[in-house]
> 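Below: one structure in C-alpha cells.
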Amino acid sequence: MSNAKNIPLSFDFKTVEKKWQDYWLTNHTYEAKDGDVTREKKYILVEFPFPSGASLHVGHVFRYTAPDIYSRFLRQKGYNVLFPMGWDAFGLPAEEYARKTGQNPRITTEQNIDGIKQNIQKMGYSIDWNREFSTTDPEYYKWTQWIFKKFYEQGLATQKDVELWYCKNLGTVLANEEVYDSLNGEKLSERGDHPVEKKKMKQWVLKMPEYAEKLLTGLENTHFPEHIKAMQRTWIGKSEGVTVNWDLVPRDYIKMVNNYPAFPYNTEFGVGEKDFTKIIRERSTAFIRIKGTDKYLSYIQNRYNDKNWVFLPGGGVDIGETSLQAAIRETKEELGLSGLEYVADLGSINAFGHWTGQAQHSTEHYFLLEVSMDNIKMRVKAEVDDEKDEMYGHVRAVTLEQYKANNWPQLNYIIENLEEYLTTGKIDRLEQHNREIVIGTTNKGKIDRWKHQLNITGVKLVSAGDLGLTVGEIVENGNSELENARIKAKAFWQMAQKPSISGDSGIYLEGVPVNEQPSQNTKRAAGVVETDDEAMIWQKMVDFYISRVEKYGINGELNAYFLDVFSLYDGFNFYDVEVKRSIIITNQITYPDRKVFPLCNIYKVPKNGKYYYDLSSEEMDDFLIEYKEARNLLSSYLFDGEDASGHSSIVQTYTTRVDTLPSATFVVVAPEYSGLLELSSDEYKLSVATYIEQTKAKSERERQINKEKTGVFTGRFVTNPLTNELCPVWVTDFVLGSYGTGAVMGDAHDLRDAELALKYDIYLNENISKDGEKREDFVELLKAGEVFIEDGILYNSGEFSALNSDEAREKIAEKLLEIGKGMTKTNYRMRDFVFSRQRYWGEPFPFEYTNNGEIKVISDDKLPLVLPDLEDFEPSKDGRSPLAKSDWINIRDEQGSIVATHEADTMPNWAGSSWYYLRFTDPKNDEEFASEENLKYWLPVDHYFGGSEHTTLHLLYSRFWHKFLYDMGKVPTPEPYDYRTNGGILLGPDGSKMSKSKGNVIQPDDKLDSVGADALRIYIAFIGPYDATVIWQDGGLKACKTLVDRIWNLQSRVSFTSKNDLANNKKLYIAYNKFVKSVSNLLEEMKNNVAVAEIMTFTNLIRETPTIPLDIYEGFIKVVAPFAPHLCEELWSVLGNKTSIALSKWPTFDPELCIDNVVRYAVQVNGKVRADFEIEANVADVQVLEAAKLSVEKYLEGKTIKFSKIIPRKLVTLVVN
RNA sequence: GCUGAGGUGGUGGAAUUGGUAUACACGGAGGACUUAAAAUCCUCUGCCUCACGGAUUAAGGGUUCAAGUCCCUUCCUCAGCACCA
C-alpha cells in the first residue's frame, strides 16, 4: 500500500487528457510503419468526415469510437495498425455558404477542418496524423483527375445527353439519389429541400453497368454483412431473361379492320381492337367476314397461311337488308350453304339490328373462313347489346369429306387453294417493301455471303462500290475493328441515306497499342477467302496470328482475341455486335463479363519454338450460339427493320418469364418508348400523344402512388412469335422506358398486366397452372385477384405443353433463337453513374475542348488542373457552374485569342471519396497515386466502418473504381474492403432523431467539458452494439464517469510487493484470467458494450479486494486502455513506465486459470431446476451424479431415474417416470 | 409487395452458439453520511402469489433429456428497394 498518499478522489481529466494528447502527437505514438514485415498489418478505416461545420457532431463520435477501440486493441495485440483520417471536403455546403457570404469555400473548408480536427484530437483517437490529407488538396485531386483520365481512355467515361433533375435554387443538376419525394408527392433536393425538375443536359457518365457483373460476383469474396450484400445486389439488380421480337402488323391492315362496319366497336373509345382480336384469336371457332384491299389480303394470307385460313371475295349489302342478313345471304350463296342446317343462327339476327346502318357503306368484302384438314367449323359472332354480352350462333361441324362429297364449287376452290397454301413456304414480307440496305464493303462476294448468312431474301443490297466509295477513303488505319465498322456504316448512311451494315473480322492483340494492331484487314491479309466455313476462317486466322506474333516478337502471357464485328447504322443508332474469341498463349485468361470465348488454345513448345493450337468442339459450340445471336440481332433488324413508312416494324420486349409467352396476348410499351408516336396508328395518335403528355406532367411519385393502371391503345398490332397470335400494342406508364427494352409482353401470369387487361377488357389467356390443368373460368378468378404468377406446369402451349416453367424457359429461349425471334439477355437495373456537377467546389475535369468541338485530354505533366479562386459564386443562369462565367475556362494562345476551353462542370463528391483509402497508404507520393509496395503491403482495408447511408452509393462506387484500377494493374487486390460494418444511429434523449429544432442535440464539447473524453468513450462503447439504433441517456454517461473515477481510485489498493501471488489469492487470479479472456474475445468480435460490462464487473470485484497484486493491476489497465486511453496512460506512467501503454503488450491469460476449482451445478428434474450444489471441479462424473441425486432427494422419492446427463461444470439433468 | 435484420423486464441491452434466461447499466424504492442539497456509499427491484410455488424470451405448434437459440405457421417492428417485366 505504498501508493495511498494524496490521490484525488476523482480523475482530473482536464489536465491529464490534454497532457497525453500532446504527448501522443509529439511522439508520433500512432504512426503506422510502411512495409514492416516483422508485424502483421491491419488497416482499419472509418469513413472520413465531410467538414460541414466548425465542430464535431456527436454522430462522428459515435461512429469513430468503436474503430478507435478496435485499432488500439489490435495495436496492443502486436499488429502494425494503420488508422488514418482525412477530409472529404469538396461539396455543396461550402459552396452554398460561399454564395451567401462571398467567402471562398477554400477558406471555409480550412476553418472547418481545423475545428473538427481539434475535436477529434480531444477524443483521444489513435490516428496517424502524418497521413492526413484533404480531397481538396491539389496534390490529391491531381490523382483523382488522373484516374478519371484512365476511365476516359478506357472508354468507361463518356459524355451523354442525360435527363437529369435540375434544381434552380441550387443551380445544379442532382443525381437521382440526391432527390427525394416529399410527402405531397413533389420532388425535392435532399440538400436544402428545393423543388427540382427534369432537364436534358450533356453530362459525363461513368459506365458502371459494365462492371455490374464484377461488382456482383466480387461480393462473394468479401466479408460484408448479409444485409449490405443484399442491398448491393438489389442495387445492381441483375436479371436473366429473354428479348422477344414481335412483328408489327402493317398499319394498312389495321386501318381496314377499324373501318369495317360489321364489328360493333367504336374507334373513338378504343374498344374496337378488343373485339377484333378476340375474334381473330378465337378463329379456330370463328367465322369472320371482313373487308380489305388486296395488299391486306395477301398479308393475312401470309401471316396465317399455316393456320389454313381461306379468303373469299364478298359482295355488297342489298337494299332493305341488314348487314347480317347480307352476310348470311352471301355466305350461303357463296359457300353453297343453303342446304345446311344453319337455322340455329337465325335467332341472333335480331341482335344485329342496331348496327345495320353502318354496313351500307361497305363495298368490298371478304369472307374469312377457317378450314382445318379434317373439318370446317363456322360460327357467327353476334353482339347482343352495348353491355357487350356476347352470344354465338351455332353451326354444326361438317367434315371435309362431306364438303367434298357434295361438290360445292366454292368449296373446291377453297380446298385447292388450301393445299397450295399448305405447300407454299413463308413469303418474304420484305419483298413488299422493296427494302434497300447498304452493305459497307467493296467486295461483292461479301454481299452474297451476308445474304446467305443472314437468311435474307428479297432485300436489295447495295455495296459501297455501287455508291462510288472505297473503304480506304473512309476508315483510318489503326482503328479497332469495331471502330472501323462503325465509321463505315455511318459513312454509307451519309452517302445512301439507307440503313447500312458494315462487317469486319479482325484480330486484336491485348497489350499491343491500338495503332500497332494488325489492322482491319486481318481477315484478308490472313488469306481467308470468302467462305462460310467458319472453322476454316478461324484456323487461317490463327495461322496468321501466329505469324504476326513471331514477326513482332511478342511473347510471354499474351492474349488476343478475334473480333467478328457487325455494325449497323440506321441514321440514328448503332447496333453493335461483337463476337470475340480469345486465343491464349501459354495460359488461359478468362473474361467472365466480356463474353470472350477461347476458340482455341495456342501453346508454344519451348523445344522447337513453334506454336500449336487446338480447336475444341465445345468452345466452337459456344461460339456458334453467339454467332447465331449476332446473326439474329442483325437479321431481325434487316428482316423486320422498317415498315413502308420508314418506321420500325418490330417491337422488342424483355422478359424473365418467357415460359408465359405462349399466353401473351398483348404488348405494352412505356410512354418514353422511342418512336411511339410514329408507331401509333393515325386514329390513335392523338390519344397516345395525350397520354404521353399526361405522364410527363406527373411526378414519378404520382405515377407510383396511383395504383390504378392506366393505358391507351396505339391502334397497332403485333404477332406473338410463338403462336402467331395477333396482339394489340398498348402504352402504359407502369412500364419503364429506362429498363430493358421499354416494352413488355402482357399476359395473365403477371399482376400488373392482368390488372391492365381486365380494366380495359384486353383479351387474356393462361398457359401455366400448378398442375398443368387448365383453370376453368380463369377470367373470373383473375377478377377475384387470383392471378397465377408462380412457376408451374405449362398447358395450351403447343410443343411446350407439360413442361415445367424452368424447362419451358430454356426450351422457348432456344426456339426463339432458332427462329430468329429472340435471345437470352442479362439486364441490370444499375444505370450509368452521372459524374458531372454544375458546381464550382469540385475537381475540374482534365479536358480541353477545342473550337471545333474536339475533346483533348490534358497531359499528365499538366496535372493537376487547379481549380481557380473566384469571387462570384453565383451559378450562371443556364444552369452551369460559376466557373462558366470566369475567364479560367478560356485557354488562349500567345496572341490572346481563345483556342480551347475548359469544362465548367466539376466532379461530384464521390470522386474524391472513391479512392481515398488508397492514398492513405502513401499520402505524400507525387510520382504515383500510391506506390506499388505500399499498396501491396496495406491492402485490402481489413475493416471498414461507416454509415448505412453509404451502403449502396459510396461503397459501390469505390468498389467500382477499385476494380477498374485492379483491371488496369494499378492495385493488387480485386476488392478494396474485406470486412465492413455499418454504424447505427444515435438518437436524442427523447428517442427521436437529433435536430436543432427539437433541441435534443448532444454536443460532444459539452460532454468533454463535464466528464472528459475517457468517460465519453466508455459510454459510447457501452451504449449498445455498434450497428444498433440507440438512445442517448445522460444517466448512462454518469455511470461511466463513475467507472473512470473508480478505476482511478484503485491505485490506493495496489500492492507493489505482491506479484504472482497465485498461492494466496487463487480466486482473484481465476477471476482475472476469466476477465482477460472474456474481454479479449469480446473485442475480437467488437462487442464493446459487453466488454465494458465485463470491465465494470471486474472493477467492482477488485474494488472490494483489500490489496490488488501488481501484475493483475497492470493487466487490468492494459485491458481498459483501448477504452480509456488517457486514464490508463496516466496510471501506467505512475507505475514508472516510460513508453506509452498504447504500445504495451496485451495481457495474456492462462486457460487453466479460467476454470474455477469449485463449481456449482444446477440440478434439473424433468426439465425443471430444483436445486444446486457445489463440488470440486475435478471429481468423477459418478460423484457429481451422486451429489446431484442427494440435492434433489425429495423429488426422486418413489421414482426411478430413466435418464441422466451431466453437462460439465453446468448442470445435471435427471429424467424420472 | 420483395429483400434483409429483428421481437427478451419500466428503459438500453446480456446469454460461452442447444445447457441454471434477464449479466452490466439506466430508471425506481429504501437506507447511510449531511443542518440540507449535490456527490459518494449500501440494500432491494422482471411478472403473478402474503407465502409454498407457478407461469414467462411476440403468439401457437413441433424436434430434444434440455429451446430465447433449431424447424413450421401466424402476428408485429425496423431498414432498404419499390410497377425493374
Side-chain angles (χ1 to χ4, degrees), chain A residues 9-10 225-235 237-239 241-242 653-658 660 668 670 700 703-704 706-707 709 732-736 738-747 749-753 755-756 789 827-831 948-949 951-952 982 984-985 991 1019 1022-1025 1027-1040 1042-1043 1045-1046 1074 1077-1078 1081-1082 1087 1089-1100 1103 1154 1160-1172 1202-1216:
Chain A
L9 276 174
S10 75
E226 194 46 46
H227 70 273
I228 291 180
K229 287 188 184 181
M231 264 198 245
Q232 293 212 352
R233 283 192 200 110
T234 315
W235 189 264
K238 180 179 180 172
S239 80
V242 175
T653 60
Y654 173 75
T655 181
T656 54
R657 286 297 306 276
V658 78
T660 66
V668 269
E700 232 149 85
R703 230 168 121 167
Q704 288 164 18
N706 187 8
K707 287 279 182 200
K709 299 282 178 283
T732 171
D733 64 4
F734 71 74
V735 176
L736 305 174
S738 52
Y739 182 79
T741 56
V744 182
M745 68 177 186
D747 57 63
H749 296 295
D750 182 283
L751 281 170
R752 299 153 298 181
D753 296 347
E755 208 178 307
L756 183 82
I789 56 170
N827 256 329
Y828 299 94
R829 199 178 318 186
M830 187 163 64
R831 312 282 151 84
S948 55
E949 69 274 20
T951 311
T952 44
N982 280 357
I985 302 166
Y1019 176 61
F1022 184 57
I1023 194 165
D1027 54 2
T1029 300
V1030 290
I1031 297 170
W1032 179 277
Q1033 286 172 330
D1034 267 325
L1037 181 62
K1038 210 197 281 174
C1040 294
T1042 305
L1043 177 70
D1045 287 336
R1046 283 179 178 176
K1074 279 163 100 172
K1077 180 185 175 184
S1078 167
N1081 290 337
L1082 289 166
K1087 292 183 172 178
N1089 55 331
V1090 192
V1092 171
E1094 292 288 338
I1095 291 171
M1096 286 172 168
T1097 310
F1098 191 70
T1099 307
N1100 287 340
R1103 276 176 75 218
C1154 292
R1160 200 171 57 82
Y1161 277 89
V1163 187
Q1164 282 184 350
V1165 181
N1166 288 351
K1168 288 214 163 100
V1169 179
R1170 293 299 184 185
D1172 56 20
K1202 289 167 70 185
F1203 175 89
S1204 67
K1205 183 162 185 169
I1206 298 166
I1207 310 301
R1209 285 186 287 280
K1210 292 271 177 212
L1211 73 106
V1212 181
T1213 185
L1214 301 169
V1215 180
V1216 299

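Chain identifiers are assigned alphabetically (A, B, ...) following the order of the sequence lines, protein sequences preceding nucleic acid strands; residue numbering begins at 1 within each chain. The model shown is predicted, which means the values in this text are computed figures rather than measured ones. Below, all heavy atoms of this structure are taken into account, side chains as well, without hydrogens, waters or symmetry copies.
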> Find the partner of B:A85: check Watson-Crick (N1-N3 plus N6-O4 or O6-N4) and G-U wobble (N1-O2, O6-N3) distances, both under 3.5 Å, and reply none if neither fits.
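Paired with no nucleotide.
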> How many Å lie between CD on A:Gln232 and P on B:A5, as a whole number?
16 Å
> Could you measure between the two C1' atoms, the one in B:U64 and the one in B:G13, and give it in whole Å?
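Nearest-Å result for B:U64 against B:G13 at atom C1': 29 Å.
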> If pairing requires Watson-Crick or G-U wobble contacts with both distances under 3.5 Å, which nucleotide is the partner of B:C47?
B:G54
> Please name the nucleotide paired to B:U40 by Watson-Crick or G-U wobble geometry with both distances under 3.5 Å, or report none.
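Across all strands, the one nucleotide that pairs with B:U40 is B:A32.
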> Check this one for me: any side-chain N or O of A:Arg829 less than 4.0 Å away from OP1 or OP2 of B:U3?
no
> With both distances kept under 3.5 Å, what pairs with B:U77, Watson-Crick or G-U wobble?
B:A5
> Determine the interatomic distance between C1' on B:A58 and the same-named atom on B:U77; round to the nearest Å.
10 Å
> To the nearest Å, give me how far apart CG (A:Asp1027) and C1' (B:G6) are.
11 Å
> May I have the distance from A:Glu226 (atom CD) to B:C78 (atom P), rounded to whole angstrom?
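The answer, rounded to whole Å, is 22 Å.
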> Between B:G19 and B:C70, how many Å separate the two P atoms, rounded to a whole number?
11 Å
> What distance, rounded to whole Å, do you find between the two P atoms, one in B:U16 and one in B:C26?
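So the two P atoms sit 24 Å from each other.
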> For a quick check of understanding: with a heavy-atom distance under 4.0 Å over all strands, which category does A:Pro225 fall into, base, sugar-phosphate or nothing?
nothing
> Can you tell me how far C1' of B:A82 sits from CZ of A:Arg831, to the nearest Å?
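Going from A:Arg831 (CZ) to B:A82 (C1'), I get 13 Å.
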> Just how far, in rounded Å, is C1' of B:A15 from CG of A:Asn1081?
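A:Asn1081 atom CG is separated from B:A15 atom C1' by 15 Å.
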> Taking atom C1' of B:A79 as reference, at what distance in whole Å does atom CH2 of A:Trp235 sit?
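These atoms are roughly 15 Å apart.
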> Using the ring-ring contact (aromatic ring centres under 6.0 Å, His included) criterion, which residues pair with A:Tyr739? Sequence neighbours excluded.
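Not a single residue meets the ring-ring contact (aromatic ring centres under 6.0 Å, His included) criterion with A:Tyr739.
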> If you find the nucleotide of RNA chain B closest to A:Tyr1161 and the one closest to A:Ile1023, which residue's nucleotide is nearer the 5' end?
A:Ile1023
> Looking only at atom P, what distance separates B:C47 and B:A38, rounded to whole Å?
26 Å
> Which one, B:U3, B:A15, B:C83, comes nearest to the side chain of A:Lys709?
B:C83
> Let's test your reading of the model: under 3.5 Å, does the base of B:U16 pair with the side chain of A:Lys1210 as donor and acceptor?
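Indeed, a donor on one side and an acceptor on the other fall under 3.5 Å apart.
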> Using nucleotides 23-29 of chain B, report all nitrogen or oxygen pairs with the protein that are shorter than 3.5 Å.
from	atom 1	to	atom 2	distance (Å)
B:A25	OP1	A:Asn1100	ND2	2.8

> For B:U17, which nucleotide is its Watson-Crick or G-U wobble mate, given both distances must be under 3.5 Å?
none
> Heavy atoms under 4.0 Å, any strand shown: does A:Arg1160 hit a base, just sugar-phosphate, or nothing?
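Answer is base: heavy atoms of A:Arg1160 come under 4.0 Å of a base.
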> A:Thr660 and A:Asp750: side-chain donor and acceptor closer than 3.5 Å?
no
> With RNA chain B as reference, determine whether A:Gly1024 or A:Thr741 sits nearer its 5' end, using the nearest nucleotide of each.
A:Gly1024
> Is it true that A:Arg233 and A:Glu226 have a side-chain N and a carboxylate O under 4.0 angstrom from each other?
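Here A:Arg233 pairs with A:Glu226 in a salt bridge, since their nearest N and O are under 4.0 Å apart.
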> Can you name the residues that form a ring-ring contact (aromatic ring centres under 6.0 Å, His included) with A:Tyr1161, not counting sequence neighbours?
A:Phe1173
> Among B:A14, B:U20, B:A85, which is the nearest nucleotide to the side chain of A:Pro1025?
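Given the options B:A14, B:U20, B:A85, the side chain of A:Pro1025 is closest to B:A14.
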> Could you tell me how far apart A:Leu736 (CG) and B:A82 (C1') are, to the nearest whole angstrom?
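Taking CG of A:Leu736 and C1' of B:A82, I get 11 Å after rounding.
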> Which value, in whole Å, describes the distance between the C1' atoms of nucleotides B:C24 and B:U45?
15 Å
> Looking across every strand, which nucleic acid part, if any, lies under 4.0 Å from A:Thr1029 by heavy atom: base, sugar-phosphate, or nothing?
sugar-phosphate
> Does the structure show a Watson-Crick or G-U wobble partner for B:A23, both distances under 3.5 Å? Name it, or say none.
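Per the H-bond distance test, none.
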> Considering residues at least two apart in sequence or located in another chain, which fulfil the side chain to side chain donor-acceptor pair (under 3.5 Å) criterion with A:Arg1046?
A:Asn1100
> Please state how far atom CH2 in A:Trp1032 lies from atom P in B:G13, giving the value in whole angstrom units.
15 Å
> To the nearest 0.5 Å, what is the distance between OG1 on A:Thr1213 and CZ on A:Phe1203?
7.0 Å
> Ignoring the backbone of A:Tyr654, work out which of B:U20, B:G4, B:A85 is nearest its side chain.
B:A85
> Closest approach to the side chain of A:Val1030, judged atom by atom: which nucleotide of B:U20, B:A85, B:G12 is it?
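Out of B:U20, B:A85, B:G12, the nucleotide with an atom closest to A:Val1030's side chain is B:G12.
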> Can you tabulate the close N/O pairs, meaning under 3.5 Å, that link protein atoms to atoms of nucleotides 61-71 of chain B?
none

> Can you name the residues that form a side chain to side chain donor-acceptor pair (under 3.5 Å) with A:Gln1033, not counting sequence neighbours?
none
> Look at all strands and tell whether A:Thr1042 reaches a base, only sugar-phosphate, or nothing, counting heavy atoms closer than 4.0 Å.
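Sugar-phosphate only.
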